[in-house]
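Below, each value reflects all heavy atoms present in this structure, side chains not excepted, and no hydrogens, waters or symmetry copies. Numbers restart at 1 for each chain; the letters A, B, ... are given by sequence-line order, proteins then strands.
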Amino acid sequence: DDIKIGYINKMGEHPWFVAEVGGAKKAAEAAGATFVSQDVQFDSNLTITTFDTMVGDGVKGIAIVVPDKALGPVIAEKAKAAKIPLVAVDDDIYYQDGTQVPYVGMNAYNIGARVGDELAKLYKAGGWASKEVRIASIEDRKADTCMQRNKGAGEAFLKAVPDFKPANILRVPYDNTMVNAIDVMTTTLTANPGVTNWIFYSCNDDGVLGAARALENAGYAPDQGMGIGIDGSRACEAFGSGKPSAFRGTMWLNSANHGALAVKILLASIKDGTKLPVQSFTDPEYITADNFASDYKAKLCH
Amino acid sequence: MQSDFFSLDGISKRFGVVQALDNVSIAFRPGEVLALVGENGAGKSTMMRILEGVFGPDTGTVRHGSTPIVFGEPRDSHRAGIRVIHQEPEIVPNLTVAENIFVGELPRLAGVLLDWRKLEEQTDRVLATFGMQQDMRPRQLCGTLGPAQRQMIEIMRAIRAGGRLIAFDEPTSSLTDDEARRLFSVIRRLREEGTSIIYISHRLNEIIDLADRIVVLRDGRLVDDSPAAGASEQTIAKLMVGRGIDDLFTRETWRSGEQLLDVAGLTTDRVSDVSLRVRRGEVLGIAGLMGAGRSELAKAIVGYDRRIAGTIAMNGVPVLPNSPHAAIVAGIGFAPEDRKHEALLLFRSILDNAALCVPDKTSSFGFFNRRKALEIVSPLAAKMSIKAPNLDEQVSKLSGGNQQKVVLARWLARQPMLLILDEPTRGIDIGAKAEIYRLIDELAASGIGIILISSEMPELIGLADRVLVMAGGRITAELSRPDIDEATILKHAMPQSAPSPGDHIQ
Amino acid sequence: MNSLELRASKAQTDPRGAFTRLVERLGVHNISLLVALAILVVIFGSLRGDVFFSSRNLLNIGLGITILGVLAMSQTVVIVGGGLDIAVGATVGLTTVSTAMAIQATGSPAAGIVAGLVLGGLAGLVNGIIITYGRVNAVIATLGTMAIFRGIAFIMSDGQSIAIFSDTFRFIGIGRILGLPLLVWILVLTAIVFHLFLARSIVGRNIYALGGNPVVARFSGININRYRVGIYIMSGVAAGLAGILLAARTGSGQPVSGSQGLELEAITAAVLGGCALQGGKGTIVGALLGVAIIGVLNNGMILTSVPTFYQLLAKGSLLILAVVIAEYHLNRT
Amino acid sequence: MNSLELRASKAQTDPRGAFTRLVERLGVHNISLLVALAILVVIFGSLRGDVFFSSRNLLNIGLGITILGVLAMSQTVVIVGGGLDIAVGATVGLTTVSTAMAIQATGSPAAGIVAGLVLGGLAGLVNGIIITYGRVNAVIATLGTMAIFRGIAFIMSDGQSIAIFSDTFRFIGIGRILGLPLLVWILVLTAIVFHLFLARSIVGRNIYALGGNPVVARFSGININRYRVGIYIMSGVAAGLAGILLAARTGSGQPVSGSQGLELEAITAAVLGGCALQGGKGTIVGALLGVAIIGVLNNGMILTSVPTFYQLLAKGSLLILAVVIAEYHLNRT
Ligand SMILES: Nc1ncnc2c1ncn2[C@@H]1O[C@H](COP(=O)(O)OP(=O)(O)OP(=O)(O)O)[C@@H](O)[C@H]1O
Ligand SMILES: Nc1ncnc2c1ncn2[C@@H]1O[C@H](COP(=O)(O)OP(=O)(O)OP(=O)(O)O)[C@@H](O)[C@H]1O
Ligand SMILES: O[C@@H]1[C@@H](O)[C@@H](O)CO[C@H]1O
Ligand SMILES: [Mg+2]
Ligand SMILES: [Mg+2]
């Protein structure tokens, strides 16, 4: 009979989630299931309301990207009470006793660490050792997953470049938007007039592309900066013009795969009682100016 | 009715259960001053609004000659040459005097910009016509003007545009005699130029002075339309009210008791070193020209304005702290002159407004008790013949005079020991005026002290035991019966006789 | 004719007596809101009647609007008094964090409730003092304290969300009494208290006077400073209650999620309910109807699974349509 | 002696004559804002004087406030006229997307600019019509269209950000003329136009009348409906300009990022600049000073590297302090 799957996500307007929900929907429809989704705009209260409403509407399983990890126990408890399977996507959540809710997504710290490794490679290859270099860690302290990614990037870089002084990593707060990244980075550049070369990383492409734009606007040459983004949502903008830029690469995660996978394992569990795997990670693909046009342009640009 | 000018033909207008106008027909004539009189709520302002196109009549037509005209918006009637000066002046507080007078027809520079120089010239000219150059500057913001000056703005705005029919809805109710005289000469000049004038006022002496023809409305019906020649205040009053009004200013008793209010050395930003005393049962009049500081003195006494120096005591007990609340607790009541801005909650009911200062008497356990409130307010409303369908009517819908009665009802409900009345009969019809005078007499007789601030000399002369004259924020004279007369008051009210308050404060 | 004799007789002679009396009692605006609400119910009912009218779904709607309902009512009081409290969402964030921290520290739900209400009241006191004695425009003042309260909530929690493990406390969020969720009971009780307070009590009536014309209020002996401060304290305590409910519902305290943007929603509901931002006008019943309209909209759109982007479109259009219908109805009456 | 003569004569004999005249010209409120601004400058100047006063940093401040500046000015006009435009941030999002799409489709920057301005104007027209002829309260109406415009922007862009590869267009965002960034030129020019419009033009003065006292406006023959619609169209076109600048600055069009919350910031700046939400009051100079205060605050806090959570605290407190100082100053004058 007709199976209905519910999908709750925290930020429906972000390209990441647009793709993720799209992937989930396609997977559900391919399997002949009905699919309903709701964007809760980071609102934990609306998340609960939506969960209740979907259960009331008769969904047989729910995938959720929680706006706040602390909601985990409550959501998990509710799913248990409603006797439906639950999958956490992107952000991991736990039962009150500490056991993990089945998870599909990435490892935020590890992805950050890959950014740090790649930056270290670029740094060593760039012959910057003699220059006045600073790292800008563009971060949104309010977002836990963001802080994990930046932490990974910073630690991996320092491990690969042991003589880089940790004090030369500047923490630049931004509000997760590209415009704000431009503003804060512009001011940071002005505040450090002696610094000739900049390395930067951030929670996502918005922060890194914003920083690259700030350098560009302030008259820095593309080779005076290097930044690597995460999520690939701005890859088309960054590489599409084909010009050299301080935006050197991004760790693209195909969020559509997350959505699709979450739905697949939910359906398997509902139809055949297959046990939900505790963790399913997807690996990022590293996009650079070199492989963009050949491998990604068609996929990422409209 | 045949006429080749504007006329009203069988106009009726109803608001809910109130028949504001009932089949009224009037023909206006160029070069004539037509006085429109009637009690509060008789329908005068309603007629003006129909004439100006604020709303349409239920039945009947406005005509020009034999052509019926329909005004969708006031600008249509303006185009036809009709202008109305409204009873309640409307100004834009953050625009200058000049802009307020010329709003809608500001002179242009290069098609889009405001030509300030020209505007200032035009304004100077208008101000000169009214002898107002001393009272306001073209670039002064209107928000800083008092009620009288606002009224003058309203008048100048309507007149500067010209017009074949100009209606004045109680233009003098907040003006002093001097300004009123200047207004009259303007009106006479307009009449000579062939303008048709409608003049509404509760000051019957003005009517007799000015009018060529008098039309009387009662309960929305036209009860008389006849030449002014030979009319007297008595005959007009009789037609208005339906009965004779005699002895407007009689007081039954002139017997004051022990000391009640003692103000010593009171000084605020606008009042300097005022000392005065009021006894129980005494009516203390306060006279002065516009801007003399009388209202400011009242606000100082009730603790509304910040006190810089001086003491106030009731029955020998200091009134502290300096706040209206403390004043009310000490037994002082105050009915301000500007009812729209300082006295009334326009969008609340008569009942709510009248019960505002007696929460203790209209509540049980902290909750409003409608029955109790009605028991207090209904008799007062009846006594003052407040004209409204019921006590739940929004105050904004009442006629001007009836609004004033609601303010008085509030204080009668409170029964203070001392009552300060600032221009209490402004805009009140002659019948109601007599009521208020009787009320003042009654209150005084019952031992309440009264401070009566008024610009109407006969009122002060007829009612006050003593009169203080103010000028420039100071008291310039104290007169006692029988020395209270117009000439003496005026002599002391002239501004030259007073040092300016600024000198004192600086 | 003396008008006062009319008072009693009118209602009896009016041919449309019953209807007129109903309109008068509820107010034209509220009737219009009811009409708008009815239209929404018909729309969603016809699309998803099976689920929409189920008692479970109706309770879900009630649960979904509890927090907003409390805030819309307190915001109504603030607006009627001539003010505005934009800091209300941040206050909820602050109190929800402090409630969670207090429970985490002491294990006692009572301590959490006290912490939430007291901190809310304090936040309101700060607003009231800045506005009344610092003479700062209410919009600027509460925009400022909005940032301050949010900053404090972040600093207190170090930006993390704080889990609450007390089942007793969680009962507030999920428990039922006599078949009705506790949250719904709380909404109903708060509504009764707010309505009696604003419409019936002397203090409530004085708040209308204050917002309608502060000069008149002052001349009438109302201590307007004390009233202003009091109103903001009330708003803070209400935000504290909302913060407690949010903590109970989500089982955690978080500085932003669940509380951000609540101020705008509360103001929307209040204005939808008939408040004029100038002050002096508005009712609790209206605010609740405004909240109900928002709640039904949210619920109906989830049920009809309108795609995310079209939800915005639909929500905006329906909001405007509701008012246009209300206005139309109002002009006809 | 009449008080006004007194006042007039006082100005001439006043030893502080020149000062008094300055105060009158600028207005007490603006002077107070200047004082508040000066205090901020002194604080940040003494902490990071080396960098703060560098011409490069001052230009940074200018660049940072261009978009907000345009919106604060147009919002001032709307508020003076007795309205409010909460949809302005969403309109920016919509126009920035349409500008980017137009450039992507045609390759022509001119087409992008036209698309942005026209769509902005249309959005304003919609607001104006709903408010004026639908008789919907401005807050509700623009909250509704905020959702609608955002929805349309999402649907148009399918939630993606749209890259702009035109260097000519990007020049708007990064180019300089006579050493000054083009963005700063645009801000200066817009400011002059807005100031002349509101303070000097007939239409501008009529807008004060409309907002200050609609009764007067109506009786003066001002076509109130046409004015209202016109004001919202103006606001929409200004949002279109802001959207174009945003697209030029970021090199892309995105429905939300960069435009969300702009409405609140614009309203804050306008109110800080002396607008009363009741209407009829406010100036362009004031709005610009309000924007400058916000810009200096943002810049100074990054320079002094205040930690994120404390930035909120500091920002809120400084905002309030600025106004308290202004008020204090104002009461003394
Ligand atoms: N908008 C309205 N709604 C309801 N009733 C109204 C409205 N306007 C006037 N009325 C009623 O119509 C009647 C006539 O009012 P109107 O203002 O014309 O009186 P008036 O003769 O000008 O009195 P006054 O001398 O006190 O100014 C009054 O009973 C008044 O309450
Ligand atoms: N809001 C205000 N701002 C500035 N000046 C004012 C204000 N209100 C009153 N004044 C001034 O204070 C002085 C005293 O005014 P007040 O109203 O007390 O005079 P009054 O004697 O009552 O005369 P009347 O009421 O007949 O105009 C006048 O010079 C007036 O212009
Ligand atoms: O904000 C990030 C987004 O950029 C994407 O990386 C997915 O996770 C969200 O939290
Ligand atoms: Mg009248
Ligand atoms: Mg006076």
Side-chain angles (χ1 to χ4, degrees), chain B residues 52 54 73-76 78-79 83-84 86 88 90-96 99-100 102-109 111-116 133-137 139-140 142-146 149 154 157-158 161 270 289-293 471-473 495-503, chain D residues 1-11 13-16 21 24-25 27-29 79-82 193 195-227 274-276 278-283 286 331:
Chain B
E52 201 186 10
V54 178
E73 273 288 315
R75 63 170 172 272
D76 301 336
H78 292 176
R79 227 168 271 145
R83 290 279 167 172
V84 176
H86 305 104
E88 297 289 343
E90 295 280 0
I91 54 117
V92 186
N94 280 291
L95 288 183
T96 59
E99 288 167 309
N100 263 284
F102 283 92
V103 59
E105 280 163 47
L106 296 168
R108 286 168 190 272
L109 187 71
V112 289
L113 292 184
L114 170 60
D115 187 341
W116 257 108
Q133 305 102 307
Q134 305 300 313
D135 300 83
M136 49 183 87
R137 288 169 296 145
R139 281 192 186 246
Q140 186 178 2
C142 261
T144 62
L145 301 179
Q149 295 159 323
E154 174 89 29
R157 186 191 295 144
R270 291 199 279 267
L289 302 181
M290 172 182 96
Q496 298 91 309
S497 59
S500 78
D503 298 346
Chain D
M1 174 166 53
N2 183 296
S3 61
L4 289 158
E5 271 173 283
L6 197 140
R7 225 173 291 150
S9 62
K10 203 174 147 198
T13 58
D14 192 343
R16 303 180 313 161
R21 255 170 290 146
E24 266 188 16
R25 212 173 153 73
V28 184
H29 187 84
I79 295 176
V80 166
V193 170
H195 175 72
L196 284 180
F197 171 68
L198 197 58
R200 302 287 157 104
S201 81
I202 303 271
V203 175
R205 304 315 286 174
N206 284 347
I207 289 174
Y208 278 95
L210 173 63
N213 191 334
V215 177
V216 173
R218 183 170 169 221
F219 282 114
S220 318
I222 293 171
N223 190 329
I224 294 188
N225 286 354
R226 208 189 297 163
Y227 264 75
C275 279
Q278 287 79 358
K281 198 162 160 264
T283 61
N331 287 336

Peer 1: Between the main-chain N or O of B:Ile91 and the side-chain N or O of D:Asn213, is there a donor-acceptor pair closer than 3.5 Å?
Peer 2: yes
Peer 1: State which residue, out of B:Leu114, B:Leu106, B:Val92, fulfils the side-chain contact (heavy atoms from CB on, under 4.5 Å) condition with D:Asn206.
Peer 2: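 Result for side-chain contact (heavy atoms from CB on, under 4.5 Å) with D:Asn206: B:Leu106.
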Peer 1: Once rounded to the nearest 0.5 Å, what's the spacing between atom CZ of D:Arg205 and atom CG of B:Leu95?
Peer 2: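 The distance works out to 5.5 Å.
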Peer 1: Looking at D:Gly212 and B:Pro93, what are the two nearest heavy atoms and their distance?
Peer 2: O-CD, 4.1 Å
Peer 1: Heavy-atom distance under 4.5 Å between the side chains of B:Glu52 and D:Phe219, does that happen here?
Peer 2: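 B:Glu52 reaches D:Phe219 side chain to side chain.
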Peer 1: Just verifying a value: how many Å separate B:Leu113 CG and D:Leu196 CG, rounded to the nearest 0.5 Å?
Peer 2: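 One gets 6.5 Å once the value is rounded to the nearest 0.5 Å.
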Peer 1: Holding to side-chain contact (heavy atoms from CB on, under 4.5 Å), I want the full list of residues that pass it with B:Asp115, two or more places apart in sequence or in another chain.
Peer 2: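 In terms of side-chain contact (heavy atoms from CB on, under 4.5 Å), with neighbours along the sequence ignored, B:Asp115 is linked to B:Pro107, B:Leu109, B:Arg117, B:Lys118.
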Peer 1: Within a strict 4.5 Å, meaning less than it, do heavy atoms of the D:Val216 and B:Val103 side chains meet?
Peer 2: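 Counting from C-beta outward, D:Val216 and B:Val103 do come under 4.5 Å.
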Peer 1: To the nearest 0.5 angstrom, please state how far the CD atom of B:Glu99 sits from the OG atom of D:Ser220.
Peer 2: 12.0 Å
Peer 1: Quick check on B:Val84 against chain D: is it the side chain, the backbone, both or neither that has a heavy atom closer than 4.5 Å?
Peer 2: neither
Peer 1: Please state whether the side chain, the backbone, both or neither of B:Arg139 comes within less than 4.5 Å of a heavy atom of chain D.
Peer 2: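 For B:Arg139, there is no contact with chain D at all, as no heavy atom is under 4.5 Å.
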Peer 1: For chain B, find which of D:Ile202, D:Val215, D:Asn223, D:Val203 contributes the most heavy-atom pairs closer than 4.5 angstrom.
Peer 2: D:Ile202
Peer 1: When you compare the side chain of D:Ile222 with that of B:Arg75, does any pair of heavy atoms fall below 4.5 Å?
Peer 2: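 The answer is no; the side chains never approach within 4.5 Å.
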